[in-house]
Protein chains: 2
Amino acid sequence: MHYSSEPLVAGDFVASAIVSITRLIREGKLKPGDHLPAEAALSEQLQVSRTVIREALRSLAALRLVDLGAGKRPTIAQLDDASMAMMIEHGVVTDQIDILQIYDVRRTIEARTAMLAALRRTEAEAQLILSLARAMVDASGDPVAIMEHDISLHIAIARASRNPVFALIIGAFQGVTRQTWPIGWKSRTDDDERQAMNALHEELALAIVDGNPHAATVLMNRHFDQSIKALLTAGLI
Amino acid sequence: MHYSSEPLVAGDFVASAIVSITRLIREGKLKPGDHLPAEAALSEQLQVSRTVIREALRSLAALRLVDLGAGKRPTIAQLDDASMAMMIEHGVVTDQIDILQIYDVRRTIEARTAMLAALRRTEAEAQLILSLARAMVDASGDPVAIMEHDISLHIAIARASRNPVFALIIGAFQGVTRQTWPIGWKSRTDDDERQAMNALHEELALAIVDGNPHAATVLMNRHFDQSIKALLTAGLI
DNA sequence: TTGCCAAAGCTATAATACAGCTTTCGAGAA
DNA sequence: TTCTCGAAAGCTGTATTATAGCTTTGGCAA
């Protein structure tokens, strides 16, 4: 294979190397699983030390554009929500994003994923969604289990929307959700209220299984109304 | 200041260093502009070579959690859409995301940002939004100028929503938009059609200036209906 | 043909060196 | 006293070399 290999110029060698390597991916039409040249080869092509190449590759690995591994050549990676999750969590930790803002984004997007899931879910996805909702109901008494099923359910719905960007974004909120979910749960002091939350998830799952986009949208919005109210009640925001 | 400094254990030194450094940020309650310890200090605290520390810091810099600069200690960074933009573009380049999916996400989110902007925009934001829409109208005949004003307008609306997560996501789509916008433009062969697009943006801007959330939502949805239709007409998808 | 092993290729980490940028701090001027 | 300026100290950016250990390759043997 032939690579366009101008030697680097600008002041920041690593930044230039990142640009050159992403261009390699673009112009080589590389797909997930394909390999980049070895570090030594890149070092020679771009006329910089292996140190610079490694720092550039680590940067791309942090963004999940490539996968690295001992003994393995750098590999083009699949989309993954882990790196976006780090960004979001950093925003929250450093007070640049608050929880209510994240819930507003989730509400906006998930009303749409619920609708799309109702229209597009495969049979297997429908079964997964329903079983996760039922697992929530069955796990009553074990908040951590309920939470994990809840998170998995929302992600399953996002995947069933068949739009990987929605799945990416919703997946990125997992970490933050894991930290705030117990707050909302505790604010639902009443046992009826807690069962109602689980029941609402089951209704939502059924709407998606039934292929009823309007009902799915309405139920997802209702769910977020209640979740946000619970967080406000708890004085989170 | 005191840092929790367990020496690293796991197999992947760099990954462990990333975790430790993010913990430093979290537990130190560091905010944008604050500094991390110098590379040499981190190297000693975490008991790994400076090589490992540097690769970890480069990873965090790629995600925009920290800023690096010659002579300067690593600095906690502000949220920035550049790294998310790289992820999205990689998804498109490697056929993991298609353009229609991005437009669906934009439509979903921007209907909301338009509504929120109408409710929350400051006077300065209102003026900016209106002037960008008018600049689009005035730039007729210069597609590149129209495109840049268009992109700036959508970002200004997202910022006026006062939710940084929306601004982050919409900002991340800039690069892709810059590549696909001309396609939609060319598919609007008729001059009336092109003027109508600009006029629609101006109406949208006025709805936001007037503080009319319902009109803003409707107009933004109409805009995306037309944009998506234009891309489909052009056979993009 | 299939399975296995040794060799070759490659990455992960460490240590050292030095150029060049930034910050600090004290001496001297106003 | 306060302000200014420059030298020194501190720090990062890049290169080089070395080595352990993982992965892939290619050929040999059954």
Side-chain angles (χ1 to χ4, degrees), chain A residues 1 3 5-21 24-25 28 30-78, chain B residues 1 3 5-21 24-25 28 30 32-77:
Chain A
M1 170 146 6
Y3 295 100
S5 57
E6 340 82 76
L8 301 174
V9 190
D12 187 336
F13 287 42
V14 174
S16 303
I18 290 173
V19 170
S20 296
I21 294 171
L24 243 44
I25 297 173
L30 302 184
K31 304 301 172 202
D34 290 348
H35 293 287
L36 282 168
E39 291 175 4
L42 288 170
S43 167
E44 193 165 344
Q45 276 182 47
L46 305 180
Q47 307 260 37
V48 292
S49 72
R50 218 190 115 203
T51 306
V52 168
I53 296 296
R54 280 191 59 78
E55 291 187 11
L57 287 172
R58 280 288 185 192
S59 299
L60 296 174
L63 296 169
R64 297 313 234 107
L65 305 210
V66 304
D67 282 327
L68 303 179
K72 292 194 278 204
R73 278 158 66 203
T75 308
I76 308 302
Q78 290 211 276
Chain B
M1 178 166 333
Y3 295 100
S5 56
E6 340 83 74
L8 301 174
V9 191
D12 186 336
F13 287 43
V14 173
S16 303
I18 290 173
V19 170
S20 296
I21 294 171
L24 242 44
I25 296 174
L30 302 184
D34 290 349
H35 292 287
L36 281 168
E39 291 175 5
L42 288 170
S43 167
E44 193 164 345
Q45 276 182 45
L46 305 180
Q47 306 262 32
V48 292
S49 72
R50 214 190 119 203
T51 305
V52 168
I53 296 297
R54 280 191 60 78
E55 291 187 12
L57 287 172
R58 280 287 185 193
S59 299
L60 296 175
L63 296 168
R64 298 313 233 106
L65 305 211
V66 305
D67 282 327
L68 303 179
K72 292 194 277 204
R73 279 159 65 202
T75 309
I76 307 303

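Order of the sequence lines sets the chain letters (A, B, ...), proteins ahead of strands, with each chain counted from 1.
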Practice problem: Enter the distance from A/R54:CZ to B/R58:CZ here, rounded to the nearest 0.5 Å. | Solution: 13.5 Å
Quiz prompt | A/I18 CD1 to D/dG13 P, straight-line distance once rounded to whole Å | solution = 12 Å
Quiz item: Nearest-Å distance, NZ (B/K72) to C1' (D/dT12)?
Solution: 11 Å
Quiz item: For the pair made of CZ in B/R50 and P in C/dA14, what is the distance, rounded to whole Å?
Solution: 13 Å
Quiz item: What is the distance, rounded to the nearest whole Å, between atom CG of B/L68 and atom C1' of C/dT22?
Solution: 15 Å
Practice problem: Provide, to the nearest angstrom, the distance between the CZ atom belonging to B/R73 and the P atom belonging to D/dC11. | Solution: 7 Å
Practice problem: Enter the distance from A/L68:CG to A/E39:CD here, rounded to the nearest 0.5 Å. | Solution: 7.5 Å
Quiz prompt | Proximal nucleotide (of D/dG13, C/dT13, D/dT24) relative to the B/D12 side chain | solution = C/dT13
Self-check item: Straight-line distance of B/D67 CG to B/L60 CG, nearest 0.5 Å
Solution: 11.5 Å
Quiz item: When the distance from CG of B/L57 to C1' of D/dG13 is rounded to whole Å, what number comes out?
Solution: 13 Å
Quiz item: Rounding to a whole Å, what distance do you find between B/H35:NE2 and C/dT22:C1'?
Solution: 10 Å
Quiz prompt | Distance, rounded to the nearest Å, where B/E39 contributes CD and C/dC21 contributes C1' | solution = 13 Å
Quiz item: Does a side-chain N or O from A/R54 land closer than 4.0 Å to OP1 or OP2 of C/dT11, or not?
Solution: no
Exercise. Could you say whether B/G69 or A/A70 is positioned toward the 5' end of DNA chain D, judged by the nucleotide with the nearest heavy atom to each?
Key: B/G69
Quiz item: C/dT13 phosphate, OP1 or OP2: any side-chain N/O from A/R58 under 4.0 angstrom?
Solution: yes
Quiz item: Out of curiosity, A/R73 CZ to A/L42 CG, how far, rounded to the nearest 0.5 Å?
Solution: 9.5 Å
